[in-house]
Amino acid sequence: MSNRIHLAHVNHALPKHRKKRRFLVVEDEQDLAELIRLHLKELDAEVEICGRGDEALTLIASQTWDVVVLDLMLPGVDGLDICRSIRADGNNVPVLMLTSRSTELDRVLGLELGADDYLTKPFSTLELMARVKALLRRSELVVDDGAGQYLEIRNLTLDKISREVSIGGKALDLTAKEFDLLWYFAENPGRVFRRTELLDHVWGYGHEGYEHTVNSHINRLRSKLEKVDPDYVFIKTVWGVGYKFCSADELDNLS
C-alpha cells in the first residue's frame with residue numbers, strides 16, 4: 001500500500017482592510033514597556049501595556065491577542081505562572097518571554113511551560129521586532145502570498161494556512177510550537193530526527209541544553225494525538241537516536 005500523503009496549494013483571499021493586530025506587553029519596567037510599545041506599533045498594531053501579573057491574567061483570559069510579550073519577574077503573578085495558566089486554559093496565543101535571567105534552566109523551564117520564544121535582557125529592539133515577526137509568521141497572521149499547504153496521512157489532516165489539525169474529523173487544539181513540530185514530522189514520514197535537528201528547525205536553537213524541551217513537546221503532542229485516536233501511533237521513539245513520524249504503511253501495521 002502506498003503512502004497516502006497529499007501536498008496541495010490552497011488559495012486564500014486576503015481582505016483589503018485587515019484588522020489591526022493586538023499585542024499585550026506585560027512588563028513592570030515602565031520605560032522599557034513604553035519603548036517596546038513604540039516599536040511594536042510599527043507592525044500596524046494596537047499595543048496595550050500591563051505592569052502586574054494578576055491583571056495580565058484577566059486581560060489574556062478576557063480578550064483576544066495576536067502576541068503576548070511577557071516579562072518573567074512581575075508583581076502579583078510571575079511570568080512562568082502566567083504562561084502555565086495560558087496553556088492550561090488551551091489558549092494558543094504566541095508568547096515571547098522577556099527576562100533578566102540568562103541561565104539555561106530558566107530558559108528551558110519557560111519553553112517547557114509553553115513560551116514560544118525567549119529573549120534575555122538587555123536586547124536590541126531590532127531583535128525584538130524580528131522575534132515578534134517570526135511569531136506572527138508561525139501563527140499565520142502574516143501571509144505573504146496567500147498560498148498554503150495541506151497534508152493528509154491516513155485519518156490525520158493538517159492545514160498550514162489555517163493551522164488546523166484534525167483526526168477523523170475531530171479537531172486538535174495545538175500550540176504554535178506543537179503545530180510546527182507536527183507539520184515538520186508529517187512532511188517527512190519515516191525519517192528519523194535527532195533532537196538537535198528538531199531544535200534547529202522548529203525552535204531555531206542549536207544548544208543541546210534545550211533537548212528536554214523537545215521531549216516535553218513531543219510527549220504533549222503524542223498525548224493529544226492518542227487522546228483523539230489511540231489506534232494510531234503517529235510519532236515513534238527510535239531509541240538511542242531520536243523520533244520519527246510513521247509512514248502510512250507503518251501506521252497500518254501499528255494500528
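These numbers come from the heavy atoms of this one structure, side chains and all, not from hydrogens, waters or symmetry mates. Start at 1 with the first residue, then count along the sequence.
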### Task
Could you grab the distance from atom NZ of K227 to atom CD1 of I167, nearest 0.5 Å is fine?
12.0 Å

### Message
Between L80 and L72, is the side-chain contact (heavy atoms from CB on, under 4.5 Å) condition met? List the steps.
### Response
CA-CA 6 Å; L80 291 178; L72 181 60; 3.2 Å; yes

### Task
Verify, without hydrogens or angle tests, whether E27 (side chain) and E29 (backbone) share a donor-acceptor contact under 3.5 angstrom.
yes

### Message
Between I161 and Y150, is there a side-chain heavy-atom distance shorter than 4.5 Å?
### Response
no

### Query
Taking H201 as the fixed residue, which of Y184, W183, F193 is the one that meets the ring-ring contact (aromatic ring centres under 6.0 Å, His included) rule?
Y184

#### Entry: Residue pair V93 / L24, side-chain heavy-atom distance below 4.5 Å
no

#### Entry: M129 versus H39, closest heavy-atom pair with distance
CE-O, 3.2 Å

### Query
Any link between L98 and L35 through a network of hydrophobic side chains (Ile, Leu, Val, Met, Phe, Trp, Tyr) touching at under 4.5 Å?
no

### Any side-chain heavy-atom pair of V228 and K224 under 4.5 Å
no

### Task
Go through the steps to decide whether N92 and F179 satisfy the test side-chain contact (heavy atoms from CB on, under 4.5 Å), and finish with yes or no.
CA-CA 10 Å; N92 296 326; F179 181 91; over 6 Å; no

### Query
From K177 NZ over to L221 CG, what is the distance, rounded to the nearest 0.5 angstrom?
13.5 Å

#### Entry: Beyond-backbone contact of T237 with R222, side-chain heavy atoms, under 4.5 angstrom
yes

### Message
Rounded at 0.5 Å granularity, tell me how far NZ in K133 sits from CG in L128.
### Response
10.5 Å

### Message
Testing the basics here: between V241 and R195, what is the closest heavy-atom pair and its distance to 0.1 Å?
### Response
O-NH1, 4.2 Å

### Task
Flag the pair Y118 / T99 as yes when at least one side-chain heavy-atom distance between them is below 4.5 Å, and no otherwise.
yes

### Task
Would you please test L158 and F185 for side-chain contact (heavy atoms from CB on, under 4.5 Å) and show each step?
CA-CA 11 Å; L158 298 89; F185 271 129; over 6 Å; no

### Task
Using a strict cut-off of less than 4.0 Å between a Lys/Arg side-chain nitrogen and an Asp/Glu carboxylate oxygen, indicate whether D116 and R131 qualify as a salt bridge.
no

### Query
Hey, quick one: are V95 and L59 part of the same hydrophobic cluster, counting side-chain heavy atoms closer than 4.5 Å, chains of contacts allowed?
yes

### Query
V67, F123: one ILVMFWY side-chain cluster at the under-4.5 Å cut-off?
yes

### Message
Under a 3.5 Å distance rule, please check whether D44 uses its side chain to pair with a backbone N or O of K20 as donor and acceptor.
### Response
no

### Query
Which heavy-atom pair separates R194 from G240 by the least distance, and what is that distance?
NH1-O, 4.4 Å

### Task
Answer yes or no: is there a donor N or O on one side and an acceptor on the other, between the side chain of R163 and the main chain of A176, under 3.5 Å?
yes

### Task
Provide the closest heavy-atom pair for K121 versus D71 in the form atom of the first, atom of the second, distance.
NZ-OD1, 3.2 Å

### Query
Roughly how far, to the nearest 0.5 Å, is the CG atom of L172 from the CG atom of L156?
7.5 Å

### Query
Distance from L40 atom CG to E48 atom CD, nearest 0.5 Å?
13.5 Å

### Query
What pair of heavy atoms forms the shortest contact from K236 to C246, and how long is it?
CB-SG, 3.9 Å

#### Entry: side-chain contact (heavy atoms from CB on, under 4.5 Å) assessment of I218 paired with L198
CA-CA 10 Å; I218 288 178; L198 296 172; 4.0 Å; yes

### Residue pair L70 / G79: nearest heavy atoms and the distance that separates them
CD2-O, 3.4 Å

### Query
Below 4.5 Å, heavy atoms only, C-beta onward: do N215 and Y243 meet side chain to side chain?
yes

### Task
Supply the atom-to-atom distance C50 SG to D28 CG, rounded to the nearest 0.5 angstrom.
10.0 Å

### Query
Is a salt bridge present between E178 and R87, judged by a nitrogen-to-oxygen distance below 4.0 Å?
no

### Passing option when F23 is tested against L96, V132, V69 for side chain to side chain contact (heavy atoms under 4.5 Å, CB included)
V132

